Structures are given as C-alpha cells and as structure tokens.
Number of protein chains: 2
Amino acid sequence: MVQQAQSTLGDVARAAGVSLATASRVLNGTASVGPALRDRVLRAAELLAYSPNAHAQALARSSSRTVGVICHDVGDPYFAGIARGVMRAANRHDLQVVLGSTFRDPDREVAYTSMMRGHRVRAMLLIGSGFEDRRRQEGLRRELDRYRATGGRVAVISRHRGLRADAVLPENREGAADLARALLGLGHRRFAVLSGPRLLTTVVDRVGGFLEALADAGVTVERKNIVEGPFTRDGGYAAAQRLIDRGLSVTCVFASTDVMAAGALAALRDHGIGVPGDVSLAGFDDIEMIRDLTPPLTTVALPLEGLGERVLELAMLPERAGRARIERVRGRVVLRASTAPVSGI
Amino acid sequence: MVQQAQSTLGDVARAAGVSLATASRVLNGTASVGPALRDRVLRAAELLAYSPNAHAQALARSSSRTVGVICHDVGDPYFAGIARGVMRAANRHDLQVVLGSTFRDPDREVAYTSMMRGHRVRAMLLIGSGFEDRRRQEGLRRELDRYRATGGRVAVISRHRGLRADAVLPENREGAADLARALLGLGHRRFAVLSGPRLLTTVVDRVGGFLEALADAGVTVERKNIVEGPFTRDGGYAAAQRLIDRGLSVTCVFASTDVMAAGALAALRDHGIGVPGDVSLAGFDDIEMIRDLTPPLTTVALPLEGLGERVLELAMLPERAGRARIERVRGRVVLRASTAPVSGI
DNA sequence: CTGAAAGCGCTTACAG
DNA sequence: CTGAAAGCGCTTACAG
C-alpha cells in the first residue's frame, strides 16, 4: 500500500476551484452556498477521500465533542453495566469517549485527568468509588479544580470526598441498611461482612450502613466476622475463605459487592457449605450475572445502565452556580434464593 | 467558580520572559535550555496551571498518541476481558484510547471508523466478530482502506471478511472442533447447537467447526436442533427455550458463546432439566463468570486479556508490506462439570 | 453568496 | 543555548 498524505481542506478547495472558506461552509453546512459550488466541493471531497482533521477543528473552534471516562477497571462487570449506559448516552449526544482504566492506582487516575485536560474534553466522568484518604484525593482534586476553572465539567458516580462535583449517588448507606433490615426480617442475628478496601468510600458507606442498621436492632457483628479483601471475585473468595478458616459461626454473610459475593459463593461451595441451607449470602449492585448463579443472589439492585446515562447527562448540563447537583439513586433490595429465613423461626 | 481562560504556551513564555520556542523546549525536554530559563519556565507553567493543548500539539506534530477501539457492546463480558488487556497495553505504550460501542449496528461501526479517522488516531482496533455479508462490510472496508492509505494502522480480533488487516485470530473453527471431539469422547451422539446470528463470522466458524468435526465422526445434527438467537444471555435463554419447546431430544447442547450458554443454563434449570444429569452443556470463550455457575461450564478457553494485549501490540508494529500479520490463538478445551459422559457408557 | 485574512495553540527547522 | 518565523489544518468574523 503506497502511503499518501491525507488530503486537506485546501486540497478540496483547490480541486473544486473555490476558497477555503467556501469549502468549509459546504462541508459544515454552516452557511448557504450556491448549488453549483456546493456540488463541486462535495464531489472533490468525495474524490479525495477527505476527512476533516478533528484536531484542527477543535483548535479553530476551540471546543470539541469529546468526554473523558475514568474507571477503576474496564474488566469489572459493574463498570461494564455503567459503561453501556454511558456509551448509549454518548451516542445520543454525538459525543466521543476517551477512556481511562486506572486499575485502582490513584496516580494513574491523576495522570488520566491531566491527559484529558490536555485534550480539552468537554467533560470528565469519574466512575466508581472515591477514596476516603484526603491526601490521596488531593492530587486529583487539584487537577479537577484546574480543569473546572476553565469551564470543564465534572460528574461522578459515587461519593468522592471533597470533589464537589455533580454526582450520581447510589444510596449505598441506605441501601445496605434496607438490606440489613430485610435480613433481620428473615430472622438473622449473626452476621459476617466481607468488606472491600476500607479506603473506598463505597465500602465505608455500605459496610457502615449495614452495621448501623443492625445496631439499631440491637445486633452487633463480631470483629472477627468482618473480613476485608480486594473488590474482586478472587478477593471475595479469599475473604470468605478466611471467614471459614476462623470457623463460620454466622447465619448470614453480606458481601459489599456482587463481584465479591460471587467469589464468596464459590468459596462456600468449595467447602461444602450450603447456601442458603447453612448460611445465607447477599451482595450489592445487581450485576447481570448474579441471577444466573446457584442460588441466584439476593442483592441491592442499582440501575447500572441508568447510572451511566445519568452521569453523562449531568455532565452535559451547564455548571450550576453555588452547589453541585446531586442525584440520589435508591437501591432496591431484591430477595433471591441465596437468602432464607433462619431455620427455627 | 469564575471561568478563566485556559493559559497557553504564550502566557507561560511571557510570564517567564522567554520565547515560545524556549518554553516549548523546556516543557517537552526536546533540547537543552539554560537552567535559569528552564526554571523560570517551569515555575510559570506551574503558576498558570498550564496544560498543553493536545489538539495544537497533534496539529503541529502531525501525529498523536491515540488509538481507537471499536467493539460491539461494552457491556459484554467477552469485551470486558479483552478491554482489560487493551487498556493494560495502552498504559504501557502511553497511548490514549477512544472507544466506540456499536451495539452491533454496522452503520455505527462505519461512523466510528470515520470519526476516528478524523481524529487521526495512530491505529484502530476492531474487537469482535466481523460480518459475513460482503455488502454490509463494504462501507467499513472503504473507510478502513482510506485510513490505511494515509498510514493508519488497523488490527482486528476475529475474522473480518475482506479487511486484510493484521489480526489476532482465535481459532474458532478448530476450537469448536476440538470441543466436539471431546464431547464425542464422552459418548455423546445427539447434539443441539445454539447458534448466534449467522451473519457473524464467529458464529459461522464455531458452528461450522463443531458440525464438521461431528460429521467426520459420522454424527449429524438434526436441523430442528440448531437454533439461532442473539449473542446475548437472553438470546441464549430464548434459544434454549425454543429447543425445549420442540422437545429436547439430545444429550448435549453447544452454545456458541459462554454468554449464550449462561442463558441456556438458566432456561434449562427453569424447566427442571438437570445439567449435566439430563443434558450436558458447553460454551465458548471462558469468560470469568462461567466457572462460578452451577455447574461450572465446559468451554473453549480463550486468553481474553491476552487477545487484547496482542491486538494492540500488532497495531503498534509498522505495516508489513505484502500480507497482513496473522496471529492465530488456539483455544483450549476445558472440561468442567457441565458436561458428563453419556450414561450407559 | 463568496473570498482574503486573521487566529486557534502549538512545534520545529533555520539562524545566530 | 535562544529566538523569530513558518507551518500544522481548520473556522469565522469582516468585507464586498
């Protein structure tokens, strides 16, 4: 294949025998141009396989139709669900998406925001949990503040400390509390919790809400029954494993995400512990796959695609002076077969 | 928040009392600059929260560090696995990723390629099955040819008719044949196939390879036992449903993807049909979740993350004159509990 | 309706 | 080592 230069507007204009301005107008439909010239330009563009240089356009217009999306892990089903919504909304708004996957590295998160700032994206979307650690959040906040100071829009899913950005907030605390009450309603009193990393706001909220609701009912969870692990399937497996090693003495296990719950279920099964026969198990998020597990998992359902659409929509709104927009989304407790009433009730 | 203008290299240069050229050199480290000036520039840039305009850079350098990734559905676990690999490799190569999700609409696929051409991405990655239909493929091919004519690189995962691009090719035909032989080895003779849309090359290869290997062993599959459905979990459910409605008369079901298999498993369970007791079930891909199903699914394992890394690596290589690079990846049959020997063997 | 020209924000030979 | 200037490929007032 012989390498040719990509043709430019200049080439098109010359071939059509018109000025740059006219060619530009035809191709953008920004002003009326005589049908004869119009035709010649279109023909020339087609002939030359002209493709407008988006960088030049962005520069000349000083604006672009691009948004940045930053997530923890593109491979996670939680993100996959949300991403579907984001992409759908992006299609609708005719927006290009540049994607960053941080693999949970805060430095990379900052690097991405700064790269996206360089790209002059219209908006940046942060998907997924923030960090509790202020210092950790500091670099990110600086970058985002600079970005917003020049008109950039930021919208996030989940709680991000100190970001003051428009946010779609799954009500993790309340959802977990609802779940706790539902489980109490089934007669459970002895609980274990598979927590994700404590430095994630989502974890703090979910675990906190869960424990609080239990406490309100006079139920406390023993320290040894709160196990921490990575926010992954294998993290859930390992956490459940440790729980089992310590001697499983509860009737119900709450995993702070469905992904962890899936791992926990595998660990329980591998140890011959029946769910819900020997122990009940519940998760959070309602990712697609968990209804196909055996048993299907009880969870707090979040409308993942909807969250994705909403966060993009928020980002497309003009900044609101004063305070950020907060859109709370209440999770819905879905009782499935992985939780059962305590026998003897 | 008061809206300020984003500062430019000119602002930095002025503040530092140097020329544009010097400021540019300092910030890019392209040439040595006296330590005094260097310092003033750095300080000014920091003070002004300077962020180089990536569009201006791309224009001036006439090149950018961006790649385009086009997939069928960001929400699909198959893509999620691959995307993880792509993002990892992109991080390594310091490449930005712009993402397109076609939701299986060929027109949107063309629209994305043309948008990415406009962005002058270094490379375009097409993830997932191509279409068998030549005409359908035509628009895409045109766009890609134009893109490559000007030095653009294209690499794909899976077979795409007539694209002649570098490719990572999962050996779908051989993998499916291997699986068929393994199942024959378990004593199965009566099979059903849950096919995806016939116009996808992946479907043709997998179903074709499977049936061929059976035929080689003198086993044919009745027409009514080949059911077609969308490439989704619900598609798998519906396809299995139809199979059941027709009176399930086989000992083994092959679903052309794991996602479909997961749906099929649910359908079978909902009808009280035991797997593998009443019927064996196998899929293809080895997406993460299927080992957590009950029973865990037999499948042909593809190294999804690896495919993602490889396709990016291929795209970063210079074009090879003459013929495209083809990297074949053999799937590995993994027998899990969803398939059992035929009873009476 | 059409065009000449300035400008978007950089990089990079070319001189010195 | 440093700077003046051309150029990257567009858009868009400003004139006519």
Side-chain angles (χ1 to χ4, degrees), chain A residues 4-42 44-45 48-66 115 117-122 150-152, chain B residues 4-42 44-45 48-66 115 117-122 150-152:
Chain A
Q4 326 156 193
Q6 168 66 54
S7 55
T8 69
L9 225 214
D11 298 331
V12 173
R14 196 169 321 117
V18 302
S19 71
L20 265 180
T22 297
S24 172
R25 285 177 192 125
V26 171
L27 265 13
N28 292 299
T30 49
S32 39
V33 174
L37 294 194
R38 197 183 133 67
D39 231 61
R40 269 151 57 194
V41 170
L42 257 19
L48 296 173
Y50 173 66
S51 164
N53 185 315
H55 297 298
Q57 292 186 313
L59 198 56
R61 294 180 178 144
S62 36
S63 85
S64 76
R65 302 199 58 81
T66 308
M115 167 238 121
R117 188 154 81 94
H119 271 241
R120 304 294 186 265
V121 297
R122 254 180 157 59
T150 59
Chain B
Q4 327 156 191
Q6 168 66 52
S7 55
T8 68
L9 226 214
D11 299 330
V12 173
R14 197 170 318 118
V18 302
S19 72
L20 264 180
T22 297
S24 171
R25 286 176 191 126
V26 170
L27 264 13
N28 292 301
T30 49
S32 41
V33 173
L37 293 195
R38 197 183 132 69
D39 232 60
R40 269 151 56 194
V41 170
L42 257 19
L48 296 174
Y50 174 67
S51 164
N53 184 317
H55 297 299
Q57 292 185 313
L59 197 56
R61 293 180 180 146
S62 34
S63 85
S64 76
R65 301 200 59 81
T66 308
M115 168 235 120
R117 189 154 82 95
H119 271 240
R120 302 296 185 264
V121 296
R122 250 180 161 59
T150 59

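Just so it is clear: chains get the letters A, B, ... in the order the sequence lines come, proteins before strands, and each one is counted from 1. Reckoned from all heavy atoms, side chains included, excluding hydrogens, waters and symmetry mates. Remember, it's a predicted structure, so these values are computed and weren't measured experimentally.
Residues meeting the side-chain hydrogen bond (donor to acceptor under 3.5 Å, both in side chains) test with B:Arg120, sequence neighbours left out: A:Ser51. Applying the side-chain hydrogen bond (donor to acceptor under 3.5 Å, both in side chains) criterion to A:Arg65, with sequence neighbours excluded, gives no partner residue. Taking the side-chain hydrogen bond (donor to acceptor under 3.5 Å, both in side chains) definition, one finds that A:Ser19 meets it with A:Thr22, sequence neighbours left out. For A:Leu20, the side chain to side chain contact (heavy atoms under 4.5 Å, CB included) criterion is met by A:Leu9, not counting sequence neighbours. Partners of B:Ala44 under the side chain to side chain contact (heavy atoms under 4.5 Å, CB included) rule, at least two apart in sequence or in another chain, are B:Val12, B:Ala15, B:Ala16.
Legend: salt bridge (Lys or Arg N to Asp or Glu O under 4.0 Å) pairs involving residues 30-39 of chain B, not counting sequence neighbours, sorted by first then second residue: B:Asp39-B:Arg43. For residues 10-34 of chain A, the pairs satisfying salt bridge (Lys or Arg N to Asp or Glu O under 4.0 Å) are A:Asp11-A:Arg14, with sequence neighbours left out.
With rounding to whole Å, A:Leu27 atom CG is found 8 Å from D:dT11 atom P. Atom CZ of A:Arg40 is separated from atom C1' of C:dT2 by 12 Å (rounded to the nearest Å). Rounded to whole angstrom, the span from the CZ atom of B:Arg25 across to the P atom of C:dT12 amounts to 10 Å.
Between the side chain of A:His55 and the backbone N or O of B:His119, at least one donor-acceptor pair lies under 3.5 Å.
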Distances under 3.5 Å only, N/O to N/O: pair up the protein atoms with those of nucleotides 8-10 of chain C.
unit_1: C:dC8; atom_1: O2; unit_2: A:Ala60; atom_2: N; d: 3.4
unit_1: C:dG9; atom_1: N2; unit_2: B:Ala56; atom_2: O; d: 3.4
unit_1: C:dC10; atom_1: OP1; unit_2: B:Tyr50; atom_2: OH; d: 2.9
unit_1: C:dC10; atom_1: OP1; unit_2: B:Asn53; atom_2: N; d: 3.3
unit_1: C:dC10; atom_1: OP2; unit_2: B:Leu9; atom_2: N; d: 2.5
unit_1: C:dC10; atom_1: O5'; unit_2: B:Tyr50; atom_2: OH; d: 3.0

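Both key distances under 3.5 Å define a Watson-Crick or G-U pair, and stretches of 3 or more such consecutive pairs in DNA chain D run C:1-3 with D:14-16, C:5-12 with D:5-12, C:14-16 with D:1-3.
Residue B:Thr22 has no polar side-chain atom (N or O) positioned under 4.0 Å from OP1 or OP2 of D:dT2.
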